[in-house]
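Values in this document were obtained by computation on a predicted structure and should not be read as measured data. One-based numbering, in listed order, for ligands and for the atoms of each.
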Amino acid sequence: MLFWIMVAALIFVLFQVKSLRQQWVTGPAFKLFKKVLPPLSQTEREAMEAGSVWVEGDLFSGKPDWERLYSMSLPQLTDEEQSFLDNEVNELMGMIDDFDVIHKDKDFSEDAWRYMREKGFFAMIIPKEYGGKAFSALANSTIVSKIASRSVSAGVTVMVPNSLGPGELLSHYGTQQQKDYWLPRLADGTDIPCFALTGPEAGSDAGGIPDTGVVTMGEYDGKETLGIRLNWDKRYITLAPVATVLGLAFKLYDPDKLLGEKESIGITCALIPTSHPGVEVGNRHLPLEQAFMNGTTRGKDVFIPIDWIIGGPDYAGKGWRMLMECLSAGRGISLPALSTGNAQLSAQTTAIYASIRQQFGCSLYEFEGVQEGLAQLSANAYQAEAVRHLTAGAIDLGQKPAVVTAIAKFHMTEVARQSINIAMDIHGGKGIQMGPNNYLASLYMAMPVSITVEGANILTRNLMIFGQGATRCHPYVFDEMVAAAEPDFKTGLAQFEPLLYKHIKFALGNAFAAFGHGLTGARFASAPKDDANKRHTQQIQRMSKALAICSDIAMLMLGGELKRREMLSARLGDVLSELYLSSAVLKHFYSRGANPKEQPIVDYLIQQSLCNCEIALKGYCRHISNPVVGALIQRLIFPWGSAYNPPKDKLKTQLALNLCQDKSLRDAITPMCYVGKNEDDAVAVLNQAMDAIDALAPLAAKVKAAQQAKTLPRKGSIFQLREKALAEQVITQAEAEQIAAADELRKQVVNVDEFDFDLGLAQGKGDDVKVSDAA
Ligand SMILES: Cc1cc2nc3c(=O)[nH]c(=O)nc-3n(C[C@H](O)[C@H](O)[C@H](O)COP(=O)(O)OP(=O)(O)OC[C@H]3O[C@@H](n4cnc5c(N)ncnc54)[C@H](O)[C@@H]3O)c2cc1C
């Protein structure tokens, strides 16, 4: 007893006497931190400070804040934005025949280009005072989603000027003079912008661009001018072949110190008219047969005046921060939007096709194997909409949440990839045979574009989500890094000490809570509502605590090395992602009025997410450097072994049947799927065929009754028995004609495009052979 009292007294004295404490406890801990934590460079610090931390901070810290999430009022489309979506977007879609654009013209018609320029499709983010539309991030995202469901090429073409590029950079950082000159020209389509960062030697590692600018005197407009002599070689640049103004990123050097004391100034962005002497644009790439403009730009010893730097000379060297700030927000808008269009088109068209197409005497959707895919399509469509809305909403609310935008970019493009693959499988040959009636092929072909751009997916998952999450979202690590980077040991230690206590308290709290939730199945975790989602929110809380403690342990054990252990850190990133995706789904569900018809989709998605969390965390425990520590952590967070199972087969069937049989639900969860108006639009025909077949329900009942009464043969569909049913007066002449008309539409859906042997002519569908000029 005396021994323990003495130990306690010793600890007390140690902590009370500053010099002792610092010498024996916090000093060594600080030294250890300095050793294990990655060094914080100025560029990294700037990048970290560029974004903001939002709900992901709560999820990462083991404290999901449901009150904050549910009470957040997300922006909706304004009347002007809704009108643009209903009118201009639909009008543009009607002008674009994606098959012709891709396979025949490799470009949009002049009319479509003019329409996009004149109606402000390229001016959505430009402020109104400069003639732009000043649409919200949500509107931008909704418009791109809808367009992409019809034509990826058009989606990308509209997306690019409204995301990272001259328009956005000028709006945020441009000098007044630059804004006054360029923004009205971009808004009314006089100028078409592109932005060139990537080159042959620098793709993902954009900070390593070899393109240079040297500050020097040169001649411009007949006068000796302070300026920059540029050399660049860029590729993959969207809109470059048709651009009239080039946003260029390069590394700026000032060997003669004309701007100041620094010789190596850093990444800088400038705006250059493509008509400027020496600027090369025009060559095209062919990105997976898509027709959007994409190509190269080069320049050798091109002299530009210094005030062409975006933001003027004051912004020399600030390019990286500018790009990070804009990209961290933009990433949450464009690609998730493109992906939502894809996921919703896949869900809607596949559900209808699987209802219309019959094999073995059944509609495809009646087969369990097909139902499994349909369930996932339904869930993906819902999740994409939820994540798109929440993430774009956050940006509209003034956030710059770098972590959730990376989550949205990575997961939504992967969701789209999964959806289009399932859609292709269920469509069978219908998805493979190219032609104007194939509404899937172009999305399928273009899928890798979304995966690769704005942060290629492997890098985004493995390096960015957790890498940024750990330092940005953790309540103490960033400040600890700042303290560790402090050159004076004593000052650093003084900053570090209070952080260390809080950090220890935080980690112990999370460890106890994770274990407690594990023992009790999170039954005592707080939940915002006592409804069907109560257990979901409790389990999310449990996984959030588990993530918090696992992250701390990984950072403590591996420090800076964790950056290189991508497979390990990506698993923690996966958990953070699943928690965000689940939160988005719940928010979406309640924002839409908690429709009970959507509850099975929510159940499916959350069960799947929790299961993914468990897989990721168990993988983490298995692969953390020390197997004993790994086994102990696994016991701590999963004391009873496996905690979660994937959705049950019964639930999958329910989702599939709901998607196929409940038109109102299908339409409600696929609002971004563009459905044209005329008979040349394959998605419109698909919907018309479904409506016509649904309308046959009373006649099908009559035919079935006649079959049971043996007036009609036992076997055969309503289409096959139409004539006999008429002859037996089971149906009237008008009803027989209604069945024939529906059958015509059904055949159009089942048929695929046929071409002449030399592919010189494309033929229309079914019996009604229509020669088009598609090839
Ligand atoms: C159609 C299209 C349009 C584009 N438009 C533009 C544009 O308008 N302007 C512009 O500047 N650029 C544009 N890009 C470039 C795009 O941003 C790059 O393609 C992208 O950054 C990836 O670079 P990369 O293709 O050279 O691949 P690489 O950098 O060579 O990467 C190859 C693979 O390695 C992975 N990888 C790389 N580093 C890591 C790491 N540290 N950890 C894990 N994985 C890693 C990547 O994820 C990727 O899977 C476009 C590209 C395409 C294809």
Side-chain angles (χ1 to χ4, degrees), residues 38 44 102 106 122 148 152-169 192-211 232-243 245-250 267 269-272 274 281 283-298 319-320 322-324 326-327 330-331 334-335 338 406 409-410 413-414 417 442-443 445-468 562-571 573:
E44 275 174 313
I102 291 180
K106 297 269 179 242
F122 302 148
V152 177
S153 292
V156 173
T157 303
V158 171
M159 174 186 110
V160 166
N162 292 301
S163 56
L164 179 65
E168 187 170 22
L169 292 170
I192 298 282
C194 70
F195 189 79
L197 174 65
T198 307
E201 302 302 336
S204 302
D205 181 14
I209 45 173
D211 314 283
W232 73 92
D233 180 6
K234 305 283 193 183
R235 66 176 182 182
Y236 302 166
I237 309 306
T238 304
L239 290 182
V242 292
V245 54
L246 166 70
L248 187 73
F250 54 89
I267 293 180
C269 301
L271 218 52
I272 309 167
T274 55
V281 286
N283 285 355
R284 283 181 73 176
H285 300 302
L286 209 46
L288 290 170
E289 295 282 344
Q290 296 300 305
F292 63 86
M293 291 290 162
N294 186 265
T296 55
T297 170
R298 298 182 181 99
W320 189 244
M322 289 155 68
L323 295 176
M324 287 303 104
C326 292
L327 196 60
R331 199 179 263 137
S334 314
L335 275 314
L338 221 61
K409 192 278 163 175
F410 169 69
T413 51
E414 292 298 340
R417 171 146 72 176
S442 164
L443 289 171
M445 295 269 290
M447 200 56 241
V449 173
S450 304
I451 297 291
T452 301
V453 300
E454 293 196 5
N457 273 11
I458 299 179
L459 172 126
T460 305
R461 172 173 177 256
N462 287 271
L463 203 65
M464 289 172 58
I465 296 177
F466 185 77
Q468 295 201 354
L562 191 54
K563 237 186 187 175
R564 281 176 289 283
R565 293 284 307 276
E566 288 188 351
M567 286 192 248
L568 193 73
S569 62
R571 291 185 174 101

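Interatomic distance, Lys234 NZ to Leu248 CG, rounded to the nearest 0.5 Å: 5.5 Å. Note: Met293 CE to His285 NE2 = 13.0 Å, rounded to the nearest 0.5 Å. Considering CE of Met567 and CZ of Arg461, their distance stands at 10.0 Å, rounded to 0.5 Å. In this structure, Leu443 CG and Met445 CE are separated by 11.5 Å, a value rounded to the nearest 0.5 Å. One finds the OG1 atom of Thr198 at 10.0 Å from the CG atom of Asp211 (value rounded to the nearest 0.5 Å).
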Please tabulate, line by line, the atom pairs linking an N/O of ligand 1 to a protein N/O at a distance below 3.5 Å, with the distance in Å to 0.1, or answer 'none'.
from, atom 1, to, atom 2, distance (Å)
ligand 1, 5 (N), Tyr236, O, 2.8
ligand 1, 5 (N), Thr238, OG1, 2.9
ligand 1, 8 (O), Thr238, N, 3.0
ligand 1, 9 (N), Phe195, O, 2.9
ligand 1, 11 (O), Leu197, N, 2.8
ligand 1, 11 (O), Thr198, N, 2.9
ligand 1, 11 (O), Thr198, OG1, 3.2
ligand 1, 12 (N), Thr198, OG1, 2.7
ligand 1, 23 (O), Ser204, N, 3.4
ligand 1, 29 (O), Ser204, N, 2.8
ligand 1, 29 (O), Ser204, OG, 2.7
ligand 1, 31 (O), Ser204, OG, 3.4
ligand 1, 42 (N), Glu566, OE1, 3.3
ligand 1, 42 (N), Glu566, OE2, 2.8
ligand 1, 47 (O), Leu459, N, 3.1

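Within the 4.5 Å cutoff, the side chain of Ser569 has no heavy atoms near those of the Lys563 side chain.
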